[in-house]
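Since the model is a prediction, treat every value here as computed from it, not as a measurement. In listed order, ligands and their atoms are each counted from 1. One is the number of the first residue; the rest follow in order along the sequence. Every heavy atom of this structure was used, including side-chain atoms; hydrogens, water molecules and symmetry mates were not.
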Amino acid sequence: MRNDFNERVEKAVKSIRKITGATPKIGLILGSGLSEISEKLEGVEIPYSEIDGFPEPSVAGHKGIMKIGDDTVTLAGRFHFYEGWTMDEVVLPTALLHGLGVETIIVTNAAGAVNKSFSPGNIVLLKDHINLMGTNPLIGPNNDEMGVRFPDMSKPYTPELREMVKEIAKETLSNPANLKEGVYAAFTGPSYETPAEIKMARIIGADMVGMSTVPEVVVANWLGLKVIGLSCATNMAAGILDQPLNHAEVVETGRKVQNDMVNLIMGIVQKLNN
Ligand code: HPA
């Protein structure tokens, strides 16, 4: 993380403050094919191009729009490490949410199922993660005003909120058994994993694999944010089925699960606002 990271965050916060004084306590970061969730939430839309220091995301299925209201601020469109963004850019949105006064973030992603008892279409509540990206967003000088040099990561996904989500799923999902719980392992991508890599991920304890989320959750813990992580299992990971993986399928399954994901997230937002 560069020395000027907090100035970059402050600039981004200022450009939002010129448009709205809203101070939502819940922030959402939406993954591939899940951006329509923001349509159900109240707020003004601000394209990333109007946020100082924000790059424009480029992947299909990712919009670059913030939607900010009294209860929630949603970021549709992520900066992935595999696109060539620096880790500072990857975690800038998370730090911006914190800078706007958010206390809890809900991070969603599309991911491959490593656990063979999971199926495409499952929603997986994250309980922990494994960083296989070979880097860490906090490498570099530490900004002591934002967080400590060696942040604790023993409860990366807030335990009370995980219990809360499990209860909400019973009432909001068309089939409550569609909610699983698991560990997310992050590779850099952009190539999907090999069967041997997926086998390794399973052996070391992963249930899901993806190319995002871990940097954001590390920084969220550093900043003292509470975290809920939700993966949409869009496909079985490489080598489980005898078929190739493709991005179109990932986006398509994400869309199909969106209804359930929306209902679950709306339930979470309602509960957190009580
Ligand atoms: N691997 C990595 N990232 C992914 C996958 C996968 O199988 N599916 C969706 N995102």
Side-chain angles (χ1 to χ4, degrees), residues 28-37 57-63 75-85 87 90-91 93 106-135 137 157 178-218 229-261 264-265:
L28 286 102
I29 297 177
L30 303 179
S32 304
L34 299 167
S35 57
E36 280 164 36
I37 290 169
S58 60
V59 171
H62 295 251
K63 282 198 247 170
L75 293 168
R78 270 210 165 86
F79 307 118
H80 293 93
F81 192 55
Y82 63 73
E83 291 172 285
W85 304 115
M87 272 292 168
V90 172
V91 299
I106 304 172
V107 189
T108 69
N109 60 53
V114 173
N115 186 322
K116 291 178 186 173
S117 75
F118 293 179
S119 318
N122 283 161
I123 294 174
V124 183
L125 176 64
L126 303 185
K127 58 179 178 187
D128 205 340
H129 71 223
I130 301 173
N131 181 1
L132 296 175
M133 291 183 132
T135 186
Y157 301 84
N178 199 31
L179 187 83
K180 308 290 180 192
E181 211 178 0
V183 174
Y184 178 94
F187 287 82
T188 63
S191 53
Y192 286 117
E193 303 71 29
T194 63
E197 286 163 348
I198 293 304
K199 188 174 173 190
M200 174 196 75
R202 188 178 302 116
I203 290 168
I204 64 176
D207 298 293
M208 301 294 290
V209 278
M211 306 174 191
S212 68
T213 303
V214 164
E216 288 102 317
V217 172
V218 168
L230 293 169
S231 278
C232 162
T234 52
N235 56 281
M236 297 311 287
I240 297 178
L241 306 174
D242 188 21
Q243 63 185 49
L245 271 57
N246 75 78
H247 183 66
E249 182 197 343
V250 166
V251 173
E252 186 50 34
T253 312
R255 292 230 162 88
K256 282 187 192 147
V257 183
Q258 224 159 201
N259 246 351
D260 259 356
M261 200 62 135
L264 182 62
I265 287 174

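- For the side chain to side chain contact (heavy atoms under 4.5 Å, CB included) criterion with Leu179, the lone passing option out of Leu264, Asp260, Val124, Asn122 is Leu264.
- The two residues Tyr192 and Asn246 have their closest heavy-atom pair at OH-C, 4.0 Å.
- Remark: Glu249 pairs with no residue by the salt bridge (Lys or Arg N to Asp or Glu O under 4.0 Å) rule, at least two apart or across chains.
- Asp207 is linked by a side-chain contact (heavy atoms from CB on, under 4.5 Å) to Asn115, Phe118, Val183, counting only residues two or more places apart in sequence or in another chain.
- The two residues Ala206 and Ile130 make their nearest non-hydrogen contact at N-CD1, 4.2 Å.
- Protein residues having a heavy atom under 4.0 Å from any atom of ligand 1 are Ala110, Ala111, Gly112, Tyr192, Glu193, Val209, Gly210, Met211, Thr234, Asn235, Leu245, Val250, listed by chain and number.
- With sequence neighbours left out, Phe81 forms a ring-ring contact (aromatic ring centres under 6.0 Å, His included) with no residue at all.
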